[in-house]
Amino acid sequence: MTPPEPEHRTRLPVFVDTDAPPDAPARLLHDFTPALIDVGAHHLCPGCGEPIAMRSMVEQVDELGEVSRAIAVFGIGCYTAYSNNLDIEVLQALHGRAPSLATGVKRCRPDTLVFTVQGDGDMVNEGLQEVLHTAARGENVTCFMLNNGVFGETGGHMTAATVLGQRTKNTLEGRDAARHGHPIRLAELVAALDGAAYVARGAVNNAVNITRTNRMIKDAFRTQREGLGFSFVEILTMCPTGWFVDTVDAPGYLDSALAATHRPGVLKDARKGLEFRTPAPKGSTT
Ligand SMILES: Cc1ncc(C[n+]2csc(CCOP(=O)(O)OP(=O)(O)O)c2C)c(N)n1
Ligand code: SF4
Ligand SMILES: [Mg+2]
């Protein structure tokens with residue numbers, strides 16, 4: 001005789017009809033929203049990588065016990081709207097100017113943990129000099145760049161970080177070096193500056209990369225806490241809307257396109273004695 005089905009099995013519907021609205025609303029089984037995110041729901045596109053990166057930032061703030069000392073300075077891009085979801089102090093900077101505002105805050109209040117949240121358009125196009133000078137001065141702040149290779153908020157146009165071959169709103173055939181120039185690899189530029197103490201590039205397209213990125217963010221904050229100088233973490237994020245790819249394909253596209261040019265890894269770490277080596281000039285024998 002066949003044993004009876006356990007009660008929980010018989011209660012589960014075997015087939016969910018999606019042609020009609022459900023009889024009852026979905027049940028929330030558990031809320032995994034971290035403490036420093038007030039509202040989990042957001043208005044960014046499905047599959048956007050930016051909320052994942054910002055979640056990583058506030059989780060590290062929390063884990064390091066820095067909640068009451070943290071001040072975030074936001075640039076302007078899609079991510080800016082998400083600052084309303086975060087339960088930390090937030091200042092809003094003009095385009096690209098976040099590193100200067102962060103400098104002012106940190107110099108007035110050295111006891112705080114100050115970090116910027118900026119996009120590639122904001123940081124590499126509109127405010128490139130700001131981040132470079134802040135790094136060169138060795139300001140004791142942390143800058144985060146969410147790099148999706150597009151001006152996401154204004155419609156997905158090419159930025160200075162867009163990789164060759166990448167389709168954007170104004171490079172529909174793909175970025176072409178002869179017509180549009182070469183991408184700027186910001187992490188490498190920053191790492192070459194003496195005032196930069198910690199420089200890394202992470203990504204949020206899979207669980208392994210998110211774990212590595214969490215570690216980078218934490219090490220950047222530790223660098224600031226120990227007063228060692230400027231710290232910088234570039235984070236590659238998915239933008240399926242701006243890339244013209246299906247949401248489900250965006251993590252793979254990040255790997256095959258963006259990460260092939262903007263290579264993830266730790267470039268410099270003063271706490272661990274890791275120096276950045278600038279590539280030898282062409283034709284050099286050393
Ligand atoms: C001085 C100035 N120039 C341009 C704009 C328009 N603008 C707003 S957000 C944005 C794109 C920012 O792109 P990015 O920093 O890469 O962030 P993303 O939206 O991709 O997250 C631009 C160009 C503006 N608001 N002010
Ligand atoms: S346009 Fe891109 S960056 Fe902006 S919310 Fe949508 S997926 Fe995210
Ligand atoms: Mg962008």
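Numbering of ligands and ligand atoms starts at 1, following listing order. What you are looking at is a predicted structure, and each value in this text was computed from that prediction instead of being measured.
- Using a 30° and 60° split on the angle between ring planes, Phe144 and Phe221 fall in the perpendicular class, above 60°.
- With 2.8 Å as the limit, Cys48 does not count as an N, O or S neighbour of atom 2 (Fe) of ligand 2.
- One hydrophobic cluster holds both Leu236 and Leu146 under the rule that ILVMFWY side chains link at heavy-atom gaps under 4.5 Å.
- When only non-hydrogen protein atoms are considered, atom 17 (O) of ligand 1 lies nearest to Tyr79 CE2, 3.4 Å.
- Counting protein heavy atoms only, atom 12 (C) of ligand 1 is closest to Ile76 O, 3.3 Å.
- Near Glu126, with a cut-off below 4.0 Å to any heavy atom, the atoms of ligand 1 are 3 (N), 4 (C), 23 (C).
- Heavy-atom separations between Gln118 and ligand 1 are all 4.0 Å or longer.
- Put simply, Val150 and Val124 are part of two different groups of oily side chains (I, L, V, M, F, W, Y) that touch within less than 4.5 Å, one to the next.
- For Leu146, the closest heavy-atom approach to ligand 1 does not fall below 4.0 Å.
- With contacts defined as side-chain heavy-atom distances shorter than 4.5 Å, the pair Cys48/Met238 does not qualify.
- Within the 4.5 Å cutoff, the side chain of Val114 has heavy atoms near those of the Gln224 side chain.
- The Mg ion (ligand 3) has an N, O or S atom of Asn148 inside 2.8 Å of it.
- Among the atoms of Cys78, an N, O or S atom falls under 2.8 Å from atom 4 (Fe) of ligand 2.
- With a 4.5 Å cut-off on side-chain heavy atoms, His182 and Leu164 count as touching.
- Ring centroids of Phe151 and His157 are separated by 6.0 Å or more, keeping the two rings apart.
- Taking a cut-off of under 4.0 Å to the non-hydrogen atoms of Asp122, the atoms of ligand 1 that pass are 14 (P), 15 (O).
- When rounded to 10 degrees, the angle formed at the Mg ion (ligand 3) by O (Val150) and OD1 (Asp120) equals 110°.
- In terms of protein heavy atoms, atom 8 (C) of ligand 1 is closest to His95 NE2, 3.2 Å.
- Contact check on Arg185 versus Glu234 returns no salt bridge, with no Lys/Arg side-chain nitrogen under 4.0 Å from an Asp/Glu carboxylate oxygen.
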Fill in: side-chain contact (heavy atoms from CB on, under 4.5 Å) between Glu50 and Asn148, worked out
CA-CA 9 Å; Glu50 294 186 338; Asn148 54 18; 3.5 Å; yes
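- Nearest protein heavy-atom contact of atom 14 (P) of ligand 1 is Gly121 N, 3.5 Å.
- The shortest heavy-atom contact between Ile76 and Asp122 is N-OD2, 3.1 Å.
- Which parts of ligand 2 touch Cys45 is read off a 4.0 Å heavy-atom cut-off, strictly below it: atoms 1 (S), 5 (S), 6 (Fe), 7 (S).
- Counting atoms of ligand 2 from 1 in the listed order, those under 4.0 Å from a heavy atom of Cys239 are 1 (S), 2 (Fe), 3 (S), 7 (S).
- With respect to Lys106 and Glu139, no salt bridge is recorded, no charged nitrogen being found less than 4.0 Å from a carboxylate O.
- Atoms of ligand 2 found under 4.0 Å from any heavy atom of Asn148, numbered from 1 in the order shown, are 3 (S).
- Set against the non-hydrogen atoms of Asn148, the atoms of ligand 1 under 4.0 Å away are 20 (O), 21 (O).
- Contacts with ligand 1 closer than 4.0 Å are made by side-chain heavy atoms of Glu50 only, the backbone lying farther away.
- If you number the atoms of ligand 1 from 1 as listed, the ones under 4.0 Å from a heavy atom of Asp120 come out as 15 (O), 16 (O).
- Geometrically, ligand 1 and Gly77 share no nitrogen or oxygen pair separated by less than 3.5 Å.
- At distances below 3.5 Å, at least one donor-acceptor pair connects side-chain atoms of Asn85 with backbone N or O atoms of Val39.
- A salt bridge links Glu226 with Arg271; the closest basic N to acidic carboxylate O contact falls under 4.0 Å.
- Distances below 4.0 Å separate heavy atoms of Phe151 from the following atoms of ligand 1: 11 (C), 12 (C), 13 (O), 20 (O), 23 (C).
- When hydrogens are left out, the protein atom nearest atom 9 (S) of ligand 1 is Glu153 OE1, 3.1 Å; that is the closest non-hydrogen contact.
- Protein heavy atom closest to atom 6 (C) of ligand 1, with residue, atom name and distance, is Thr154 CG2, 3.6 Å.
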